[in-house]
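Scroll down for the structure; my scribbles are underneath it.
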Amino acid sequence: MRAAGFTAGFALCLTAVAVVSFAADETAPPQPASPAGGATPERGASLPEMLAPPLTEREEKLRALVQPRIAGDAQGAVARRTWRYVSATDAVMLGLKKNLSIRLAGRQPLLVEAALLEARAVFDPVVQVTVSQSETNQFGRSMTGQITRMTFVQGACQGIITSPTAATNNKPDVTQICFSVPGSSTTLNGPIRAAPDPDSQPGINRVKTATVDVTQQLPWGPVLRLSESTTYNKSFYSVGGQSYTYEAPWASSVFAQLSLPLPGTKGFGEFAPGDYAIKLVEKSTERAFWDVKSVINSILLQIDLAYWDLVESAESLAATTENRKLVESLAPSFERLFKQEVISQFDKSQGDAELARARVEEELALRNYYTVSTTLSALIEDDPAKIADQILFPAGFSVPGAEFPQPRLDDIQQMSLSHRPELMSRKVDSELSKMGARFAEQGIKPDVSANLSGTYSQSASTYGYKTLSQSFNHLGQPDSKSFSRSLTYVNPVGRRAAHAALSTANTNVTASEYAARITANDVIREANDAYAAYFSSVSRVQEAQEALKLSEFAYQLVDRKFHIGEFVSQVELNRNRRDVLAARLAVINAQIDVRRAQSRLLGAQGVIADRYPGMRAFNDFERHRIATLGANKALKFFLTDAIARAAEQQ
């Protein structure tokens with residue numbers, strides 16, 4: 001995997017990401033042009049409009065309350081902030097793109113790939129080519145024989161040399177050579193000496209050699225070495241002061257060597273050093289995948305929770321704003337009743353204090369909204385200068401209604417144990433430690449290897465072959481053959497280092513097993529906690545909704561009495577109004593807690609990234625697009641094959 005390829009693939013994955021929810025209609029619209037924007041798409045709409053769902057009634061009401069309140073807050077730097085709509089999808093996409101932990105984790109597969117290439121390089125042939133030239137001052141002094149020089153004559157022949165006839169070798173041939181009588185011949189008694197090249201300085205002999213050496217590491221330990229060497233050595237000799245050469249300078253030799261660890265020894269088998277290195281890195285590749293996915297799940301959960309914090313703060317601000325408007329609407333009535341002496345100064349003071357209280361509560365909710373917005377902005381914004389210069393508003397969300405899924409605890413636990421990336425990483429660590437123990441066990445075995453070698457060589461000391469091709473063609477008929485066999489046994493006294501390595505490896509196996517069990521226990525505990533929190537939040541939603549109905553009914557009774565002229569004390573009215581506000585905030589908090597609990601439940605199972613693409617698919621086009629991305633392995637960290645098939649069948 002290349003760095004650019006990983007970034008591009010990551011961007012493609014993010015196009016399918018959507019916020020975690022259990023409702024099929026939760027999708028993210030584009031940024032609306034106005035607080036009331038977002039019409040239902042019709043036939044013939046553009047692709048972005050077709051993919052954008054209509055805005056919900058609750059979202060329209062929320063914007064109508066929150067946006068004017070924020071726009072009216074002109075205190076200090078808040079007045080200069082820019083408005084930015086952000087959906088959960090936007091937050092996830094921007095957060096994953098910006099997060100340095102994911103960028104760092106994204107480099108890990110590249111490092112593992114490089115290590116795998118390095119480990120596999122042990123089995124790549126090693127080719128070494130050497131070209132050399134040597135010069136030797138060589139003066140020959142040895143007698144090689146005597147030559148009798150005889151003169152060719154015509155007529156009667158005293159000495160006859162008869163060559164093979166044409167019928168024998170099928171070639172034109174000299175059939176007879178006649179020499180003069182021995183008395184007229186000349187005998188050269190001087191020594192025949194080796195002679196230098198007549199075109200070079202006297203006594204210099206030049207030799208040129210080219211060697212190709214190939215070493216190949218074979219699986220399970222053996223090493224094969226092949227070497228071919230070709231020499232160009234033009235030898236000269238002199239006769240009677242004249243220099244001659246055979247014009248046959250080429251000679252070649254082949255060398256082969258096999259080093260073979262014996263079966264059952266240290267260097268033989270699937271845990272031979274070269275094979276073990278590849279197994280180790282391949283298993284580390286699997287661990288790198290789970291490490292990256294663990295980081296993605298963690299960041300997704302963090303951003304998702306921060307987004308729902310933004311939704312809750314916006315809903316709380318809307319509720320307190322609505323409460324403040326209600327109190328303000330009642331203030332003139334209490335002022336009129338006070339002037340008519342229907343209510344006392346105490347009741348009027350209670351009304352004034354309640355209005356001040358409502359304004360303080362709204363101001364606190366507003367400040368909390370700014371804080372939460374800045375927190376989420378810090379998670380998704382690349383430019384630090386823009387973090388405090390914008391106000392985020394949640395778009396395209398929905399809260400749960402009266403229907404809630406009822407997952408089973410056994411299913412949650414089994415999913416956690418089979419999909420949680422942290423546990424998968426621990427299991428890989430356990431497998432790696434066991435591999436290390438087997439490698440250490442093999443390290444204490446005897447180190448015995450058989451070595452076989454052989455050489456076929458040609459000699460060019462006097463003459464070789466006229467051409468290089470002739471030399472190669474006659475490699476099977478060398479001038480000399482040599483073979484050797486040896487058995488090597490290496491035994492460090494005591495083998496203390498090997499036994500120490502084995503002891504360490506066995507300790508690592510035990511430690512990795514304990515670590516995997518601890519992680520499994522933590523995973524089960526988190527799954528149980530998330531499961532309990534989910535059903536607790538679901539029950540709180542139902543209880544809070546019932547409490548809201550009762551408090552609203554009670555307030556309506558008091559309000560009706562107040563408007564028909566019956567005496568209602570300010571204390572009673574304030575108490576009932578506060579009960580309504582508290583009940584509304586409790587419903588909001590419980591509903592958002594359901595969303596948080598759903599996200600934590602998916603995070604505890606380790607499938608939050610797997611569920612992201614499919615949970616927001618609200619039409620056939622989107623489902624088909626996600627299935628296509630999954631089938632083409634474009635969502636490696638976000639979509640499993642099973643989920644892709646399920647999305648395709650929907």
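Legend: residues meeting side-chain contact (heavy atoms from CB on, under 4.5 Å) with Gln442, ordered by chain and number and at least two apart, are Phe271, Lys445. A search for side-chain contact (heavy atoms from CB on, under 4.5 Å) contacts involving Asp411 returns Arg408, not counting sequence neighbours. Applying the side-chain contact (heavy atoms from CB on, under 4.5 Å) criterion to Ala511, with sequence neighbours excluded, gives no partner residue. Listed by chain and number, the residues in a salt bridge (charged side-chain N to carboxylate O under 4.0 Å, His left out) with Arg495 amount to none (sequence neighbours excluded). For Ala520, the side-chain contact (heavy atoms from CB on, under 4.5 Å) partners are Leu417, Leu423, not counting sequence neighbours. Taking Ser433 as the reference, Ser512 meet the side chain to side chain donor-acceptor pair (under 3.5 Å) condition, with sequence neighbours excluded. For Lys266, there are no salt bridge (charged side-chain N to carboxylate O under 4.0 Å, His left out) partners at least two apart in sequence or on another chain. Applying the ring-ring contact (aromatic ring centres under 6.0 Å, His included) test to Tyr531 and every residue at least two apart in sequence or in another chain returns Phe535.
Taken from OG1 in Thr215 to CD in Gln128, the straight-line distance is 8.0 Å, to the nearest 0.5 Å. Taking OG1 from Thr209 and OH from Tyr232, the interatomic distance works out to 12.5 Å, rounded to the nearest 0.5 Å. Residue Asp275 holds its CG atom at 8.5 Å from CD of Glu270, rounded to the nearest 0.5 Å. Atom-to-atom distance recorded for Leu601:CG and Ile412:CD1 is 4.5 Å, nearest 0.5 angstrom. Taking CE from Met424 and OG1 from Thr519, the interatomic distance works out to 10.5 Å, rounded to the nearest 0.5 Å. Of the inter-residue distances, the one linking Ile380 atom CD1 with Leu392 atom CG reads 5.0 Å to the nearest 0.5 angstrom.
For residues 420-453, the pairs satisfying ring-ring contact (aromatic ring centres under 6.0 Å, His included) are Tyr276-Phe439, with sequence neighbours left out. The stretch residues 498-520 participates, sequence neighbours left out, in no ring-ring contact (aromatic ring centres under 6.0 Å, His included) pair at all.
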For a quick test of your reading: what N or O donor-acceptor pairs under 3.5 Å do the side chains of residues 249-260 make, sequence neighbours left out?
unit_1 : atom_1 : unit_2 : atom_2 : d
Ser252 : OG     : Thr230 : OG1    : 3.3
Ser252 : OG     : Ser471 : OG     : 2.7
Ser259 : OG     : Asn451 : OD1    : 3.1

With a 3.5 Å cut-off and sequence neighbours excluded, list the donor-acceptor pairs that the side chains of residues 474-482 form with protein atoms.
unit_1 : atom_1 : unit_2 : atom_2 : d
His474 : ND1    : Gln470 : O      : 2.8
Asp479 : OD2    : Ser459 : N      : 2.6
Ser480 : OG     : Ser457 : OG     : 2.5

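Side-chain atoms of Glu526 and Arg420, non-hydrogen and from C-beta on, do get closer than 4.5 Å to each other.
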Please lay out, stage by stage, how Asp304 and Arg596 fare under the test salt bridge (Lys or Arg N to Asp or Glu O under 4.0 Å). CA-CA 8 Å; Asp304 186 74; Arg596 294 193 188 101; over 6 Å; no

Trace of the salt bridge (Lys or Arg N to Asp or Glu O under 4.0 Å) decision for Glu431 with Lys434: CA-CA 5 Å; Glu431 294 174 2; Lys434 292 177 181 178; over 6 Å; no

Test side-chain contact (heavy atoms from CB on, under 4.5 Å) on Asp593 and Arg540 and set out the steps. CA-CA 9 Å; Asp593 276 349; Arg540 284 197 300 111; 2.4 Å; yes

Before giving the answer on salt bridge (Lys or Arg N to Asp or Glu O under 4.0 Å), spell out for Arg426 and Glu513 the whole-Å C-alpha distance, their side-chain angles and the decisive distance to 0.1 Å. CA-CA 8 Å; Arg426 289 297 187 186; Glu513 291 176 349; over 6 Å; no

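For the residue pair Ser416 and Val523, the shortest heavy atom distance occurs at CB-CG1, 3.4 Å.
Lys279 and Glu282 are not joined by a salt bridge, as no carboxylate oxygen comes within less than 4.0 angstrom of a charged side-chain nitrogen.
Within a 6.0 Å sphere centred on CZ of Arg517, other residues, nucleotides and ligands contribute 12 heavy atoms or fewer.
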